[in-house]
Amino acid sequence: MFSTLFTRPHILTRHRTGPCAEARAHYLKHCSDQGYPRSSLQKIAWVLLVFSQSVDLSRPVRVTHQEIEYAVAHRIRYRRRPEQAADSRSSRLLFIRVATDWLRFLGRLEEPVCAPKPFADLVDHFATFMRDERGLSPATIGFRCERVTNFLSTICHPCASLSAITINDVDTYLSDRGRHGWSRRSLRTLADALRSFFRHAEAHGWSSGVAAAIDAPRKYAQEGLPLGPTWTQVRQLIASFSDNSSGDIRDRAIVLLLAVYGLRSGEVTRLRLEDVDWVGEILHVTRPKQRRTQQYPLDPAVGDAILRYLKESRPRCAHRELFLTLNAPVRPLKPKCITPIVHSRLETLGIQVPRRGAHCLRHACARHLLATGFSLKQIGDQLGHQSAAATRVYVKVDLDGLRQVAELNLEGVL
């Protein structure tokens with residue numbers, strides 16, 4: 001690995017003969033597989049060499065963060081010019097970060113012991129129950145456990161058991177979230193998570209009388225209109241990705257998947273290379289809520305956008321996920337990375353919609369299909385809905401159709 005980064009004999013010899021040469025070369029290969037460019041790999045190689053000479057890694061014990069900072073502050077320095085004598089803050093932080101990542105990669109880092117979360121064992125038991133007995137999706141389990149953990153950490157009760165928590169604690173917490181700007185919908189989902197947890201706790205005798213008393217803001221059926229951009233605005237959004245930059249090529253393919261198929265952001269990030277059947281022109285989409293895979297005909301525009309991304313923008317790496325970060329370390333995109341792509345572009349274009357997240361393109365897809373003449377059953381199948389009730393809400397927002405009905409001349413009928 002060293003011979004691919006350095007050509008001068010004396011520098012190459014220094015890296016090969018330095019301490020922990022095999023471990024350093026192995027980590028450099030790991031960084032190379034993550035998409036780091038050659039210039040970054042050279043910096044990492046120098047940091048590893050200097051750090052391995054500044055700290056004794058032959059000891060069987062793990063290295064603490066304090067030892068890393070001390071070793072970096074007293075590290076051996078190789079300077080070729082007098083002006084390099086100054087030790088900048090960025091250089092020190094680079095050494096600490098690389099050294100920490102390397103030791104963690106080797107399993108030699110002493111991680112700080114974090115204080116355990118309140119009732120962590122009970123929350124884990126709750127998560128196991130939701131997974132094994134309720135069959136809930138990992139996203140739902142993670143969401144509820146996060147909400148419950150935040151609640152238990154915030155109330156800071158000096159109690160030894162869950163039974164000391166009362167309904168007043170829950171009401172105070174919900175009221176505080178409301179004062180901090182939480183919407184009624186968010187408060188309701190929070191209350192549902194807490195109610196589910198305390199119902200589980202009461203079934204095991206950990207608590208009593210809390211679950212049934214938890215109240216939340218009333219949410220009326222279909223009270224919220226899923227308004228998204230018009231299809232003309234969606235076309236404007238897609239056309240805005242006109243640059244030949246790697247980011248625009250990737251983001252255009254993502255936006256097309258969101259708009260044409262009405263996919264959720266998590267469904268986009270879950271796509272893998274094998275999910276695109278180029279021979280059969282089929283797109284396989286994993287639907288986590290339905291726990292099944294749905295097949296779609298591969299739209300030519302979407303297929304061309306994905307193919308261009310694969311040829312020109314996607315980093316070469318071992319990951320099988322379709323959409324990756326463009327900068328090292330290369331890793332699969334997370335669902336939370338999709339919304340900023342849509343939000344920033346809609347804001348730049350000046351498109352005013354109630355919500356500018358990735359989900360608004362799903363609503364735009366449904367409204368476009370409704371305006372085109374598709375039935376609610378067909379639209380529900382496209383969006384992956386299990387019931388017609390989930391699709392029926394889009395009838396309420398077909399304002400153009402309602403206006404046409406209102407403009408009908410009924411004089412002859414009456």
Side-chain angles (χ1 to χ4, degrees), residues 117 119-120 122-154 177 182-201 214 216 219 224 226 228 254-255 257-259 261-275 283-296 319-325 331-343 355-363 365-366 380-387 389-391 393:
K117 297 289 186 181
F119 310 108
L122 303 187
V123 176
D124 290 340
H125 194 280
F126 177 53
T128 303
F129 162 75
M130 290 188 290
R131 183 189 68 236
D132 297 342
E133 298 189 35
R134 293 288 308 280
L136 300 181
S137 68
T140 301
I141 295 174
F143 173 82
R144 288 188 175 182
C145 288
E146 179 186 5
R147 291 290 185 263
V148 171
T149 300
N150 289 341
F151 164 73
L152 296 175
S153 301
T154 301
R177 299 300 95 180
W182 284 41
S183 65
R184 291 192 301 118
R185 180 177 180 180
S186 297
L187 289 174
R188 186 168 186 83
T189 57
L190 170 61
D192 290 342
L194 295 178
R195 187 184 299 109
S196 178
F197 171 74
F198 279 103
R199 189 180 293 125
H200 176 73
I214 294 178
K219 182 177 180 295
I254 291 175
V255 168
L257 286 166
L258 295 171
Y261 296 103
L263 301 185
R264 302 177 180 90
S265 57
E267 293 166 347
V268 172
T269 56
R270 225 174 262 111
L271 288 173
R272 299 173 63 84
L273 294 174
E274 53 268 23
D275 289 334
L283 179 67
H284 302 268
V285 177
T286 301
R287 298 286 191 184
K289 287 191 174 183
Q290 291 76 25
R291 298 174 181 82
R292 61 185 175 89
T293 300
Q294 191 168 349
Q295 296 181 350
Y296 292 94
H319 292 294
R320 299 299 298 172
E321 286 80 4
L322 180 58
F323 293 106
L324 309 173
T325 59
R331 56 202 180 279
L333 282 181
K334 295 183 178 180
K336 64 180 181 181
C337 300
I338 304 298
T339 284
I341 295 174
V342 180
H343 183 278
R355 294 181 178 86
R356 292 176 176 172
H359 213 69
C360 74
L361 297 183
R362 178 175 171 86
H363 300 321
C365 173
D381 292 341
Q382 173 78 3
L383 300 180
H385 289 162
Q386 287 183 314
S387 65
T391 314
V393 65

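Note that the coordinates shown come from a computational prediction; the quantities given were computed from them, not determined experimentally.
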Quiz item: Would you call Asp275 and Arg272 a salt bridge, taking side-chain N to carboxylate O under 4.0 Å as the test?
Solution: no
Self-check item: Geometric class of the His359/His363 ring pair [parallel <30°, tilted 30-60°, perpendicular >60°]
Solution: perpendicular
Grab the two heavy atoms, one from [X] and one from [Y], that are nearest each other, plus how far apart they are.
{"X": "Pro332", "Y": "Leu324", "value": "CA-CD2, 3.7 Å"}
{"X": "Val285", "Y": "Glu267", "value": "CG1-CB, 4.2 Å"}
{"X": "Tyr261", "Y": "Cys365", "value": "C-SG, 4.1 Å"}
{"X": "Arg147", "Y": "Leu194", "value": "O-CD2, 4.4 Å"}
{"X": "Ala358", "Y": "Val342", "value": "CA-CG2, 3.9 Å"}
{"X": "Val148", "Y": "Ala193", "value": "CG2-O, 3.9 Å"}

Supply the atom-to-atom distance [X] [atom1] to [Y] [atom2], rounded to the nearest 0.5 angstrom.
{"X": "Phe151", "Y": "Phe119", "atom1": "CZ", "atom2": "CZ", "answer": "9.5 Å"}
{"X": "His319", "Y": "Arg331", "atom1": "NE2", "atom2": "CZ", "answer": "9.0 Å"}
{"X": "Phe129", "Y": "Leu122", "atom1": "CZ", "atom2": "CG", "answer": "14.0 Å"}
{"X": "Leu187", "Y": "Trp182", "atom1": "CG", "atom2": "CH2", "answer": "7.0 Å"}
{"X": "Leu283", "Y": "Gln295", "atom1": "CG", "atom2": "CD", "answer": "9.5 Å"}
{"X": "His284", "Y": "Thr293", "atom1": "NE2", "atom2": "OG1", "answer": "8.5 Å"}

Quiz item: Do the side chain of Arg131 and the main chain of Ala127 share a donor and acceptor less than 3.5 angstrom apart?
Solution: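 No; judged by distance alone, with no hydrogens or angles, the pair does not exist.
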Quiz item: Is the side chain of Thr269 donor-acceptor paired with the backbone N or O of Lys334 at a distance under 3.5 Å, no angle test?
Solution: no
Self-check item: Test log, rule side-chain contact (heavy atoms from CB on, under 4.5 Å), inputs Leu257 and Leu271
Solution: CA-CA 11 Å; Leu257 286 166; Leu271 288 173; 3.7 Å; yes
Quiz item: Does some side-chain heavy atom of Thr140 sit less than 4.5 Å from a side-chain heavy atom of Arg134?
Solution: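 No, their side chains stay 4.5 Å or more apart.
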Exercise. State, yes or no, whether a side-chain contact exists between Leu258 and Ile338 at a heavy-atom distance under 4.5 Å.
Key: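 Result yes, sub-4.5 Å side-chain heavy-atom pair found.
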Practice problem: Apply salt bridge (charged side-chain N to carboxylate O under 4.0 Å, His left out) to Arg177 and list each qualifying residue two or more places apart in sequence or on a separate chain. | Solution: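 Not a single residue meets the salt bridge (charged side-chain N to carboxylate O under 4.0 Å, His left out) criterion with Arg177.
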Quiz prompt | Option passing side-chain contact (heavy atoms from CB on, under 4.5 Å) with Leu322 (candidates Leu273, Ile254, Val268) | solution = Leu273
Quiz prompt | With Phe198 via ring pair (Phe, Tyr, Trp, His ring centres under 6.0 Å) - residues at least two apart | solution =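 Partners of Phe198 under the ring pair (Phe, Tyr, Trp, His ring centres under 6.0 Å) test: none.
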Quiz item: With His200, which residues qualify under side-chain hydrogen bond (donor to acceptor under 3.5 Å, both in side chains), at least two apart?
Solution: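 Partners of His200 under the side-chain hydrogen bond (donor to acceptor under 3.5 Å, both in side chains) test: His125.
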